[in-house]
Amino acid sequence: SRTHTVHLYESQDSSEGPWNLITETDRLGTNDTAVLEDFLAIEFSFERLQWFKMEISELSENGVKVFKTSEIFSIAQICAGPIIFPMVNNIFGVLETCIIYLKNVFYSDQSGYRVSEVEIWSQLRDRTQPIVMQLEAKNLSTKLVSSNSNVYIEVFRVDEDQKRMLYRSEVAKQTKLTWRPFTVQLDDLYGTDGMDSQIEIVCISEEDKEGVIGQALVSMEVAKAMEAIPIFNETYKQGRKPIGEVRICRYQQLRVCSFLDYIRGGTSLKFAIAIDFSIRDPQNLTHNDYQQYSNDIEFVVRCLGETLEPFNPNNSWLSYGFGAKIPPHYRDSNNFCLSLDVDATCQGVNGVLNAFGKSHQHVHPLPGAKFSQIIYHLAKQAQNNFNRASEPPSYFVLFVISRGSIEDLKETVQAAIFASKAPISIVFIGVGCEGLDEIERMGNAGKRLEFQGRKSERDNLQFVNATKTRLECDNYSDMSTTFLEKALQQIPWQCSTFYMQNHVLPGKSSEEATGGLMAPSSSRRPSSAHGQGEEEELRMRTSSSGEQTRNRRHRLSNEMRSMTLDDSR
């Protein structure tokens, strides 16, 4: 009788390896099922592909390998949805078909007989949610605190054997004791078990001679009812009479959603690329300059296309050009289809590069480029899609590649402010080492953009100098890794914060947007920030075909190795 084994590998570099073994099964019989029930906690990264390889080997009775089949997949593929790819028997060269769903993978030979089944599924671990609270105090005894005193509060969580501070407020005048709202994590307030907890609220005067005014110990169930809570001071009438009252006047649990929450909820990503053909000084353009520009464009497009492919199931790119005179009449244009056709859609990386090559040969460059038209065009498209969507929405990402300065700076600033209201991120990619100061300032401006009293509503811009990145690295792998990290690291955060600010929950359309309170983030963070991210659990199951497959299970002798998945976006 024959047996088989299953091996799972990971690669930190590429789909070519090198491969490091994570785990493997014992020998499994024809009708045996192996269940890998231990979790893989994987650090999800949007800006780089994370490769895994599953290998199934069939062994004869004397341990000789009869056949070996393997397949390579990325974590992004599992996050994004179903995929179909070929599976090849490495010994006999028999073409097999492997269909991976989020929960099922089927291996079949030429006759259609199912050799084995692999199930792969994943789930996001629960993440702690924040709570906004606000407190006020009233009727404090003037015998303990004067009317001119500055008063602050401290809030503690009280357990059986310890007391931990959750918050210390700013000072407020005795005449109006309402402090600013503050945020506390749900787990910090209630603990991981979710049981009701007790908090201690302490009112303190900044005056040394007054010190602690009073305190109250109360359960959270009572406190969040927003009723008045009496506070006592042991030195005042032996603590039998309250010296005032404190009340939680605001208690709201926020919902924080991550990028993966939206992707798994059905939100799709639409990618667009706009290439600037303008040349500031065309008379001094050399053949080397022409070729270098083409090489830089190819580097950028290939890096982006290959990395974003799992999030682009149709493998389509909206592709535009600007800053050129276009045939047949050679009129100035700052918004034309890169293919010089009526359809801006290009299929895959090669489609974009072929369209660029065609335009590069036939258009006449202008001495300057206007960026605002292309930004308005994509931002309006994204906004219209969001407004009329009756299904989970699409988030747009526009990559603007340029080697020169912005000719219409004021209009571009206004276009960027307009785009901040739409579901779109804009990445300015500089090519060359000179004349990029304006788009660099634009890409790094964030919410500081302002024009005639109008301000950007959120940070949805980014800048990266592709040429400078290439010159700073010694090999192609380092070039692409560094470039992608700088170009893509903000997009997941920008995507999730847009939907949270617009009260759109994962799996809901904009028409179904709820009025529930969401919690937008206020700071820029890279996608691989550690410490407070979410983790995704990945389970895999392999089985052989047979009548009693589901009833015969063998636990693995080797446990799955733990890794960390941090999606803090």
Side-chain angles (χ1 to χ4, degrees), residues 46-47 259 269-276 300-301 303-304 307-308 311-312 317-323 334-335 338 344 352 369-386 393-431 436-451 454-466 483-499 501-502 524 526-527 569:
F46 180 73
E47 57 267 20
F259 173 71
L269 299 179
K270 291 187 180 296
F271 300 105
I273 192 163
I275 299 176
D276 176 12
V300 170
V301 172
C303 285
L304 294 175
T307 303
L308 299 175
F311 300 96
N312 190 8
W317 285 76
L318 296 172
S319 306
Y320 301 90
F322 64 107
N334 285 287
N335 182 7
L338 192 62
V352 175
K370 296 180 180 180
F371 287 57
S372 59
Q373 293 183 28
I374 200 72
I375 294 175
Y376 272 125
H377 177 76
L378 267 299
K380 289 177 181 178
Q381 191 172 335
Q383 190 63 56
N384 291 338
N385 180 280
F386 180 71
S394 297
Y395 190 84
F396 285 64
V397 184
L398 170 61
F399 299 97
V400 181
I401 307 175
S402 175
R403 56 183 166 188
S405 59
I406 304 173
E407 190 174 88
D408 59 337
L409 182 59
K410 292 182 180 180
E411 291 80 3
T412 301
V413 169
Q414 294 179 73
I417 293 173
F418 174 83
S420 70
K421 303 174 184 178
I424 185 171
S425 289
I426 302 172
V427 182
F428 295 102
I429 300 174
V431 174
L436 299 173
D437 294 343
E438 289 177 345
I439 63 170
E440 182 174 4
R441 285 196 296 270
M442 175 78 69
N444 295 330
K447 292 184 66 174
R448 298 189 302 273
L449 278 181
E450 182 178 355
F451 184 80
R454 296 173 55 224
K455 296 182 179 180
S456 179
E457 293 191 1
R458 65 188 182 98
D459 179 5
N460 65 329
L461 307 177
Q462 185 73 12
F463 171 80
V464 57
N465 188 323
F483 167 73
L484 290 167
E485 181 179 341
K486 293 178 179 179
L488 303 180
Q489 65 177 358
Q490 297 295 336
I491 291 173
W493 172 79
Q494 292 171 354
C495 173
S496 59
T497 52
F498 171 81
Y499 289 121
Q501 287 174 352
N502 287 274
R524 282 190 148 199
S527 60
R569 296 160 286 215

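Side chains are part of it too, since the values below use all heavy atoms of this structure and drop only hydrogens, waters and symmetry mates. Positions are given from 1 along the sequence.
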Chemist: To the nearest 0.5 Å, how far apart are CG in L398 and CD1 in I424?
Modeler: 5.0 Å
Chemist: Grab the two heavy atoms, one from A419 and one from I375, that are nearest each other, plus how far apart they are.
Modeler: CB-CG2, 4.2 Å
Chemist: Ignoring hydrogens and angles, tell me if any N or O in the side chain of D276 forms a donor-acceptor pair with the backbone of A369 under 3.5 Å.
Modeler: no
Chemist: At their closest point, which heavy atom of E407 faces which heavy atom of K370, and how far apart are they?
Modeler: OE1-CE, 3.3 Å
Chemist: Quick check: do L308 and L269 have side-chain heavy atoms less than 4.5 Å from each other?
Modeler: no
Chemist: With a 4.5 Å heavy-atom cut-off, do F428 and S402 have their side chains touching?
Modeler: no
Chemist: Checking side-chain contact (heavy atoms from CB on, under 4.5 Å) against L449, which of Q414, R441, M442 comes through?
Modeler: M442
Chemist: According to the interplanar angle, ranging from 0 to 90°, do the rings of F259 and F46 count as parallel (below 30°), tilted (30 to 60°) or perpendicular (above 60°)?
Modeler: perpendicular
Chemist: Are F322 and Q373 close enough that some pair of their side-chain heavy atoms sits under 4.5 Å apart?
Modeler: no
Chemist: Does any part of the side chain of R458, heavy atoms only, come nearer than 4.5 Å to the side chain of Q501, both counted from C-beta?
Modeler: yes
Chemist: Give me the atom names and distance for the closest heavy-atom approach of A422 to Q383.
Modeler: CA-OE1, 3.1 Å
Chemist: Where do N460 and F498 land on the side chain to side chain contact (heavy atoms under 4.5 Å, CB included) test, with the steps shown first?
Modeler: CA-CA 9 Å; N460 65 329; F498 171 81; over 6 Å; no
Chemist: Answer yes or no: is there a side-chain heavy-atom contact under 4.5 Å between L304 and F271?
Modeler: no
Chemist: Of the non-hydrogen atoms in P423 and F386, which two are nearest, and what is the gap between them?
Modeler: CG-CB, 3.8 Å
Chemist: Any side-chain heavy atom of S456 within less than 4.5 Å of one from E450?
Modeler: no
Chemist: Tell me if a side-chain donor or acceptor on Q462 pairs with a main-chain N or O of L488 at a distance below 3.5 Å.
Modeler: no
Chemist: If you compare all heavy atoms of A466 against all heavy atoms of I429, which two are closest, and at what distance to 0.1 Å?
Modeler: CB-CG2, 3.9 Å
Chemist: From S372 OG over to N335 CG, what is the distance, rounded to the nearest 0.5 angstrom?
Modeler: 10.0 Å
Chemist: CD1 of I426 to CD1 of I491: how many Å apart, nearest 0.5 Å?
Modeler: 11.0 Å
Chemist: Is there a side chain to side chain contact (heavy atoms under 4.5 Å, CB included) between Q381 and L378? Walk through the geometry before answering.
Modeler: CA-CA 5 Å; Q381 191 172 335; L378 267 299; 4.2 Å; yes
Chemist: Answer yes or no: is there a side-chain heavy-atom contact under 4.5 Å between K455 and K447?
Modeler: no
Chemist: Can you say whether the rings of F418 and Y376 are parallel (under 30°), tilted (30 to 60°) or perpendicular (over 60°)?
Modeler: tilted
Chemist: Kindly compute the distance separating CD1 (I374) from CD1 (I273), expressed to the nearest 0.5 Å.
Modeler: 11.0 Å
Chemist: Between F483 and V300, is there a side-chain heavy-atom distance shorter than 4.5 Å?
Modeler: yes
Chemist: For K380, does its backbone N or O pair with a side-chain atom of N384 as donor and acceptor, under 3.5 Å?
Modeler: yes
Chemist: Roughly how far apart are L436 CG and R403 CZ, rounded to 0.5 Å?
Modeler: 11.0 Å
Chemist: Would a distance-only check, ignoring hydrogens and angles, find a side-chain to backbone donor-acceptor pair under 3.5 Å from E438 to I406?
Modeler: yes
Chemist: Considering non-hydrogen atoms only, spot the tightest contact between V352 and S319 and give its length.
Modeler: CG2-OG, 3.6 Å
Chemist: Can you measure from CZ (F463) to NZ (K486) and round to the nearest 0.5 angstrom?
Modeler: 9.5 Å
Chemist: Short question: side chain of D408, backbone of F371 - any donor-acceptor pair under 3.5 Å?
Modeler: yes
Chemist: Taking the six-membered ring for Trp, are F399 and W317 parallel (under 30°), tilted (30 to 60°) or perpendicular (over 60°)?
Modeler: tilted
